[in-house]
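Following: one structure in structure tokens, then a few remarks.
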Amino acid sequence: MADEATNADLMSKIVSLCKRRGFIFPSSEIYGGINGFWDYGPYGVRMKRAIEKLWWHEMVETRDNVEGLDSTIICHPTVWKASGHLDQFSDLMTDCRDCKSRFRVDQMPDPTTCTNCGGKNLTEPREFNLMMKTFVGPVFDDEHMAYLRAETCQPIFVDFNSVRVATRQKLPFGIAQVGKAFRNEINPRNFTFRSREFTQMEMEFFCRGAEGMQWFEYWKEQRINFYRKKLGFTDDFFRIYVHEKLAHYAKAAIDIEVKFPFGWGELEGVHHRGEWDLSQHGKYSGQDLQYFDHDTGERFMPTVIETSVGLDRMFLALLSRAYDEDTADTCKEGQDQDVRVVLRLPATVAPVQVAVLPLSKKLNEHAMNLYNKLNNYFRSEYDVTGSIGKRYRRQDEIGTPFCLTFDFESETDNAVTVRERDSMKQERVAIPELRDYLEEKIGF
RNA sequence: GCGAGCGUAGCUCAGUUGGUAGAGCAUCACGUUGCCAACGUGAUUGUCGCCGGUUCGAUUCCGGUCGCUCGCUCCA
């Protein structure tokens, strides 16, 4: 119980910090907000882009057999018929206000009576579909209805042949995409964890059916290594959930779950989807999406291994892991307690990687020169306002790993003090060596 | 979608038994200091979530609505 209370407390501290420092705040807040939508502020967008860049580099730029794609959010409506998104969850449902049960109206013996408790206190039958609707063209009728994509992977399947032909890729190869997806979630919850507009980072890897399990294991390991090595996740923070109940088309599936303040939650899925998606799109489009192997003369439907992660969830996972409160010693007199809020973010994703802080306003000119140089290579920030200690704390709160203090000796010895966020230790580094020094510490 | 709780400054919250509001922190300026939330002086900030009703008068009472949190439900 005490643990749960602490965690709920942690969640509200994170939400509060996000609002205060401009990481994330509610969309349309001056109008009272809109449920399930969140805006990323100045620091938030820096960090979000850094995470995306890290993923893209890992999944696309360092691999010859993975190609990128940026498809539209609105697709031909039949895409969602083929994928099964339109048929499922488009049933009429009713809720019993007395016993809180929910029923499909077409399955009730008597649609006016609760099947469970016999009560008559039912809500009006409503259509449940998690896809967001819109209209293409100025006429709002069924003919012109379209949907915002519920996941970024379907357009990858749809464009599979075009990508294959254009890039002359042979199996096995993958297609990756980062982009917005939309779901009319019944109940958005837990800050940005479940929202109605979100960003996915997905990769579909196409291979021969016989090699499917082998690639499934490969990508599972790759993704786990990414969290361990690139984001520093440890075994107490994430775990693997193996699906026992699989979708009818799937051969294997795991989720990578993370310890959020509200409990364990899915961060990424690695799924063996078999031939299902390409077969469906082949069937509905009438196009032959089979792969022809020139060496063996075989024609077959590729098997798909998917890695799918929510960017917003990775963002929230990083914040959950990074948030910490120190009770560090203070050097100032007259302070009983010094609680320091610090985000121990990996330097690669920190919104500000380097802060340049002149000890005095009199040092403005030269310190500003240093800042302008470093800002070409690192996400940097300059701050002269307030005492040096206060500025360190401001940077701690947004997770800046390195603060460079430009002091009265800097102009003569051509060096600055580098103060490290987590240890608060300081080191004197010559200005000409700063770039190499920081690049080595920050990494990609 | 159902139920419960909540909504006052950027953040955390106090307050008004109905007479349009305060604190701490934060922010800004000047002075001072010069490596871990220093100090002094001064300054900025709210349609008390939104709409409506009752009332001479509503931030306060009532209704609705929007949003947040928790539980149930849902999560293809």
Side-chain angles (χ1 to χ4, degrees), chain A residues 4-5 8-9 11-13 15-22 25-38 41 80 83-91 93-103 121-126 128-131 150-151 154 183-191 193-196 247-250 261-263 265-266 326 328-342 357-363 385-397 403-409 416-421 423-426 428:
Chain A
E4 281 170 31
D9 198 38
M11 194 66 194
S12 58
K13 279 176 176 172
V15 173
S16 163
L17 174 66
C18 282
K19 174 74 201 301
R20 195 169 69 246
R21 301 308 305 267
F25 28 78
S27 169
S28 317
E29 202 180 9
I30 64 168
Y31 291 102
I34 175 164
N35 195 357
F37 297 89
W38 300 91
W80 307 107
S83 70
H85 285 82
L86 274 183
D87 291 336
Q88 300 185 41
F89 281 78
S90 56
D91 310 298
M93 308 282 284
T94 184
D95 290 295
C96 174
R97 293 195 181 93
D98 295 333
C99 71
K100 319 299 178 206
S101 308
R102 173 174 293 166
F103 306 97
N121 195 10
L122 297 167
T123 59
E124 283 296 303
R126 282 162 297 208
F128 274 72
N129 192 301
L130 298 196
M131 294 209 66
E151 54 187 30
Q154 292 303 326
R183 293 183 195 180
N184 265 322
E185 294 289 355
I186 294 170
N187 199 351
R189 278 289 162 91
N190 293 326
F191 199 28
F193 181 79
R194 179 170 301 147
S195 53
R196 290 182 165 138
H248 64 278
Y249 53 84
F262 50 83
E266 182 190 345
D326 256 353
D329 301 334
T330 176
C331 291
K332 291 285 179 194
E333 288 173 25
Q335 301 288 318
D336 340 322
Q337 205 193 14
D338 185 15
V339 178
R340 179 176 78 127
V341 173
V342 54
L357 314 174
L359 205 53
S360 160
K361 283 169 194 162
K362 293 162 195 144
L363 302 164
T385 316
S387 73
I388 189 68
K390 186 165 203 156
R391 283 178 273 160
Y392 285 150
R393 297 312 161 87
R394 281 188 191 132
Q395 297 299 330
D396 288 338
E397 215 180 32
C403 289
L404 311 188
T405 310
F406 195 97
D407 59 30
F408 291 96
E409 286 78 53
V416 294
T417 303
V418 179
R419 180 262 196 188
E420 199 272 327
R421 176 194 65 203
S423 63
M424 298 166 77
K425 294 255 166 59
Q426 301 187 330
R428 196 77 178 166

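Only this structure's heavy atoms are used, side chains among them; waters, hydrogens and symmetry mates stay out.
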Can you check the A:Gln154 CD to B:A76 P distance for me, whole Å?
14 Å
Looking at the side chain of A:Lys19, which of B:G67, B:G10, B:C30 is the nearest nucleotide?
B:G10
From C-beta outward on A:Trp38, which listed nucleotide comes closest to its side chain: B:C68, B:A76, B:C70?
B:C68
With a 3.5 Å cut-off and just heavy-atom distances, do the side chain of A:Tyr31 and the base of B:C66 make a donor-acceptor pair?
no
pair A:Gln395-A:Arg419: side-chain heavy atoms closer than 4.5 Å
no
Between CZ of A:Arg391 and P of B:U27 the distance, given in whole Å, is 12 Å
Can you tell me, in whole Å, how much space there is between the C1' of B:A29 and that of B:U47?
28 Å
Across every strand shown, the nucleotide meeting Watson-Crick or G-U wobble geometry with B:C39 (both distances under 3.5 Å) is B:G31
Got a donor-acceptor pair under 3.5 Å from the side chain of A:Asn187 to the base of B:C74?
no
A:Lys362 near the nucleic acid: base, sugar-phosphate alone, or nothing, with a heavy-atom cut-off under 4.0 Å?
base
What interatomic distance, in whole Å, is found between C1' of B:G24 and the corresponding atom of B:U60?
24 Å
Could you identify the nucleotide paired to B:C13, looking across every strand shown and requiring Watson-Crick or G-U wobble geometry with both distances under 3.5 Å?
B:G22
Does any N or O in the side chain of A:Arg196 come within less than 3.5 Å of the main-chain N or O of A:Asn35, such that one atom is a donor and the other an acceptor?
yes
Determine the contact category for A:Arg394: base if any of its heavy atoms lies under 4.0 Å from a base atom, sugar-phosphate if only primed atoms, P, OP1 or OP2 are that close, otherwise nothing.
sugar-phosphate
For A:Asp396 and A:Arg20, take the nucleotide of RNA chain B holding the closest heavy atom to each; which residue's nucleotide lies nearer the 5' end?
A:Arg20
Hey, does A:Thr405 reach any base, or is it just sugar-phosphate, or nothing, if we go heavy atoms under 4.0 Å?
base
Does B:U54 have a Watson-Crick or wobble mate here (both distances under 3.5 Å), and if so which one?
none
Considering only heavy atoms and no angle criterion, is a donor-acceptor pair shorter than 3.5 Å present between the side chain of A:Arg419 and the base of B:C36?
yes
Rounded to whole angstrom, note down the P distance from B:C13 over to B:C66.
25 Å
Within the pair A:Asn35 and B:C68, is there a side-chain N or O less than 4.0 Å away from OP1 or OP2?
yes
Nearest-nucleotide comparison on RNA chain B, the residue closer to the 5′ end among A:Glu185 and A:Ile30:
A:Ile30
Give the rounded distance in Å between these two atoms: CZ of A:Phe193 and P of B:C68.
16 Å
Less than 3.5 Å between a donor and an acceptor, one on the side chain of A:Thr417 and one on the base of B:C35, is that the case here?
yes
Counting just side-chain N and O atoms, does A:Ser387 come under 4.0 Å of either OP1 or OP2 of B:U33?
no
When you look at CZ of A:Phe408, are more than 12 heavy atoms from neighbouring residues, nucleotides or ligands closer to it than 6.0 Å?
yes
Can you figure out which of B:C36, B:C2, B:A38 approaches the side chain of A:Arg189 most closely?
B:C2
Does A:Asn190 make a side-chain N or O approach to OP1 or OP2 of B:C70 shorter than 4.0 Å?
yes
Is the shortest side-chain N/O distance from A:Lys361 to OP1 or OP2 of B:U33 below 4.0 Å?
no
Between B:G1 atom C1' and A:Leu130 atom CG, what is the distance in whole Å?
12 Å
Would you name the heavy atoms of A:Lys19 and A:Pro26 that are closest together and state the gap between them?
CD-CD, 4.3 Å
Would you say the side chain of A:Cys403 lies within less than 4.5 Å of the side chain of A:Gln426, judging by non-hydrogen atoms?
no
How far, in whole Å, is B:A23 from B:A4 if one measures between their P atoms?
37 Å
Could you state the CE-C1' distance from A:Met131 to B:C74, rounded to the nearest angstrom?
17 Å
Which value, in whole Å, describes the distance between the P atoms of nucleotides B:U65 and B:G3?
11 Å
For the side chain of A:Arg21 and the base of B:G10, is some donor closer than 3.5 Å to an acceptor across the two?
no
Write down the distance between CD (A:Glu397) and P (B:G10), rounded to a whole number of angstrom.
17 Å
N/O donor-acceptor pair under 3.5 Å between A:Arg183 side chain and A:Glu151 backbone
no
With a 4.0 Å cut-off on heavy atoms, is A:Gly22 in touch with a base, just the backbone sugar-phosphate, or nothing at all?
nothing
Nucleotide nearest A:His85 (side chain, heavy atoms from C-beta), chosen from B:C75, B:C35, B:A76:
B:A76
Please state the P separation for the pair B:A21 and B:G49 - nearest whole angstrom.
14 Å
Base paired to B:U45 (Watson-Crick or G-U; both N/O distances under 3.5 angstrom):
none
Check whether any side-chain N or O of A:Arg421 sits under 3.5 Å from a backbone N or O of A:Asp396 as a donor-acceptor pair, and report yes or no.
no
Can you tell me how far the OG atom of A:Ser195 sits from the CG atom of A:Asn190, to the nearest 0.5 Å?
11.0 Å
Quick one: are A:Cys18 and A:Trp38 in side-chain contact, heavy atoms under 4.5 Å?
no
Say we look at B:G10 and B:G53: how far apart would their P atoms be, to the nearest angstrom?
28 Å
Would you mind classifying the nucleic acid contact of A:Gln426 as base, sugar-phosphate or nothing, using non-hydrogen atoms under 4.0 angstrom?
base
By the 4.0 Å heavy-atom rule, please label A:Phe191 as base, sugar-phosphate, or nothing.
sugar-phosphate
Between B:U20 and B:C56, how many Å separate the two C1' atoms, rounded to a whole number?
15 Å
Under a 3.5 Å cut-off for both contacts, is B:C6 paired Watson-Crick or G-U wobble with anything, and if yes, with which nucleotide?
B:G67
Whole Å only: how far is the CD atom of A:Glu409 from the C1' atom of B:C35?
11 Å
